[in-house]
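Let me begin by presenting the structure, written as structure tokens, before commenting on it.
Lettering follows sequence order; numbering is per chain, from 1. Only this structure's heavy atoms are used, side chains among them; waters, hydrogens and symmetry mates stay out. What you see is a predicted model, and the numbers here were worked out from it, not measured in a lab.
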Number of protein chains: 2
Amino acid sequence: MTAKASLRDHPAPAASGAEPSRRACLATILRMAGLRATRQRMDLADRLVGRDRHVTAETLYLEASAAGEDLSLATVYNTLRQFQGAGLVREIAVEGLRSVFDTDTSRHHHFYFADEDRIIDIPPGHLLVPDLPEGPEGYEVDRLDIIVRLRRPSR
Amino acid sequence: MTAKASLRDHPAPAASGAEPSRRACLATILRMAGLRATRQRMDLADRLVGRDRHVTAETLYLEASAAGEDLSLATVYNTLRQFQGAGLVREIAVEGLRSVFDTDTSRHHHFYFADEDRIIDIPPGHLLVPDLPEGPEGYEVDRLDIIVRLRRPSR
DNA sequence: TTTATTGCAAATAGTTTGCAAGCGT
DNA sequence: ACGCTTGCAAACTATTTGCAATAAA
């Protein structure tokens with residue numbers, strides 16, 4: 001676990017005390033995913049579901065901890081994988097070691113700041129998205145990921 | 001280090017004994033990259049440069065070892081990073097734990113077989129590649145990576 | 001002979017997992 | 001009460017690095 005939380009993104013979402021109606025929604029979503037609405041999962045769901053964020057297990061863990069939430073890093077890892085299985089988040093294709101998860105599961109793509117280890121969405125209209133190509137015989141296209149690598153101008 | 005070498009790809013390239021002219025080319029390339037033409041680097045360069053391959057450190061190490069080449073995994077890792085710095089290979093953006101390197105540094109994109117941990121090039125013409133978009137203020141576009149995720153038909 | 005490079009083993013980073021204790025229903 | 005979850009620590013996988021031995025120039 002690294003000390004620096006490098007994946008900055010949109011404004012930090014509300015802390016653990018979501019409004020009752022949102023809590024109810026989140027609880028329902030968890031149940032529908034076959035998961036018990038535990039305190040830890042409710043908190044993480046509140047930070048992720050319906051928001052536009054790019055997180056790693058570590059950034060999410062640090063954020064929740066800083067907000068006074070008491071949970072373990074292992075639970076964050078496990079919860080992210082469970083949420084992924086339920087389609088609530090999805091893993092972004094980036095080179096490098098850590099897994100980055102995106103809470104926006106609609107079709108969109110990413111700018112990757114190569115020197116800063118940071119990811120943001122590509123605003124709609126900035127990129128002509130190609131049609132899905134044919135996959136090889138016997139396979140179907142699951143989805144298409146585009147990563148536009150950015151860097152500071154060379155000179 | 002895992003036992004299974006899962007990244008299959010194009011036919012295995014010739015073993016350590018490349019023709020003299022090719023050896024000379026490889027040596028020149030290494031020098032131009034500021035690297036001494038050691039036996040290990042010559043062998044790895046022979047397996048990579050001018051070929052169309054997708055390798056991980058481990059698959060490359062297993063291949064060279066199986067061919068009777070005597071080198072260490074650490075050297076393969078270091079050499080791949082050096083080659084990457086010299087622009088001889090480049091890392092492919094894929095989710096997941098290992099780093100995959102591509103010896104084809106020209107503009108092309110990839111099919112990713114999600115269930116099989118395998119990558120192949122997308123044949124030219126199969127994908128309408130979009131124009132490079134504008135980067136945000138103060139950044140320039142380094143390159144654009146497209147990964148088309150494939151899976152076996154659902155049912 | 002001088003300096004870069006290698007190999008080993010240990011260190012590091014990220015992630016997963018086994019199991020006892022605890023919480024949700 | 002029952003069984004899913006959690007947290008901890010240990011295990012695991014991938015990769016990097018320090019350093020003494022070695023090979024290239």
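With sequence neighbours excluded, the residues satisfying side chain to side chain donor-acceptor pair (under 3.5 Å) with A/H108 are A/D102, A/H110, A/D121. B/T28 is linked by a side-chain contact (heavy atoms from CB on, under 4.5 Å) to B/M32, counting only residues two or more places apart in sequence or in another chain. In terms of the side-chain contact (heavy atoms from CB on, under 4.5 Å) criterion, residue partners of B/I122 (sequence neighbours excluded) are, by chain and number, B/H109, B/F111, B/H126, B/L127, B/V148. For B/L97, the side-chain contact (heavy atoms from CB on, under 4.5 Å) test picks out no residue, with sequence neighbours left out. Residues passing the side-chain contact (heavy atoms from CB on, under 4.5 Å) test with A/R143 are A/R90, A/D145, B/E95, B/R149, sequence neighbours excluded. A/T105 is linked by a side chain to side chain donor-acceptor pair (under 3.5 Å) to nothing, counting only residues two or more places apart in sequence or in another chain.
An OP1 or OP2 oxygen of C/dT15 is reached within less than 4.0 angstrom by a side-chain nitrogen or oxygen of A/Y77. Applying the 4.0 Å criterion to OP1 and OP2 of D/dT16, one finds that B/R81 has a side-chain N or O inside that range. Taking 4.0 angstrom as the limit, B/S99 places a side-chain polar atom (N or O) nearer than this to OP1 or OP2 of D/dT15.
Taken over five-pair windows at either terminus, the axes of the helix from C/dT1-D/dA25 to C/dT25-D/dA1 are inclined to one another by 30° (rounded to 10 degrees).
If you take CG of B/D117 and P of D/dA14, they are 9 Å apart, rounded to a whole angstrom. Taking atom CZ of residue A/R23 and atom C1' of nucleotide C/dG24, one finds them 13 Å apart after rounding to whole Å. The CG-P distance, from B/L62 to D/dA14, rounds to 11 Å in whole Å. Distance A/R98 CZ to D/dT15 P: 15 Å, rounded to the nearest Å. With rounding to whole Å, B/E95 atom CD is found 15 Å from C/dT15 atom C1'. Across the protein-nucleic acid pair, B/E91 atom CD and D/dT16 atom C1' stand 14 Å apart, rounded to whole Å. Taking atom CE on B/M42 and atom P on D/dA24, their separation rounds to 11 Å, with Å as the unit.
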Reading 5' to 3' through nucleotides 4-10 of chain C, protein heavy-atom contacts under 4.0 Å coded B for base, S for sugar-phosphate only, - for none: BSSBS--
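The backbone N or O of A/Y61 lies less than 3.5 Å from a partner atom in the side chain of A/S65, making a donor-acceptor pair.
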List the atom pairs, donor and acceptor, that lie under 3.5 Å between side-chain atoms in residues 33-41 of chain B and the rest of the protein, sequence neighbours left out.
| residue | atom | partner | partner atom | Å |
| --- | --- | --- | --- | --- |
| B/T38 | OG1 | B/R41 | N | 3.2 |
| B/R39 | NH1 | B/E69 | OE2 | 3.3 |
| B/R39 | NH1 | B/D70 | O | 2.9 |
| B/R39 | NH2 | B/D70 | O | 3.4 |
| B/R41 | NE | B/R36 | O | 3.1 |
| B/R41 | NH1 | B/Q82 | OE1 | 3.0 |
| B/R41 | NH2 | B/R36 | O | 3.4 |

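Residue pairs meeting the salt bridge (Lys or Arg N to Asp or Glu O under 4.0 Å) criterion with at least one member in residues 73-88 of chain B, sequence neighbours excluded, are B/R81-B/E91. The list of ring-ring contact (aromatic ring centres under 6.0 Å, His included) pairs with a residue in residues 63-92 of chain B, not counting sequence neighbours, is empty.
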Full working for side-chain hydrogen bond (donor to acceptor under 3.5 Å, both in side chains) between A/R152 and B/Y139: CA-CA 5 Å; A/R152 278 269 148 63; B/Y139 292 89; 2.8 Å; yes
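Residues from residues 26-33 of chain B placing a heavy atom under 4.0 Å of any atom in DNA chain C do not occur.
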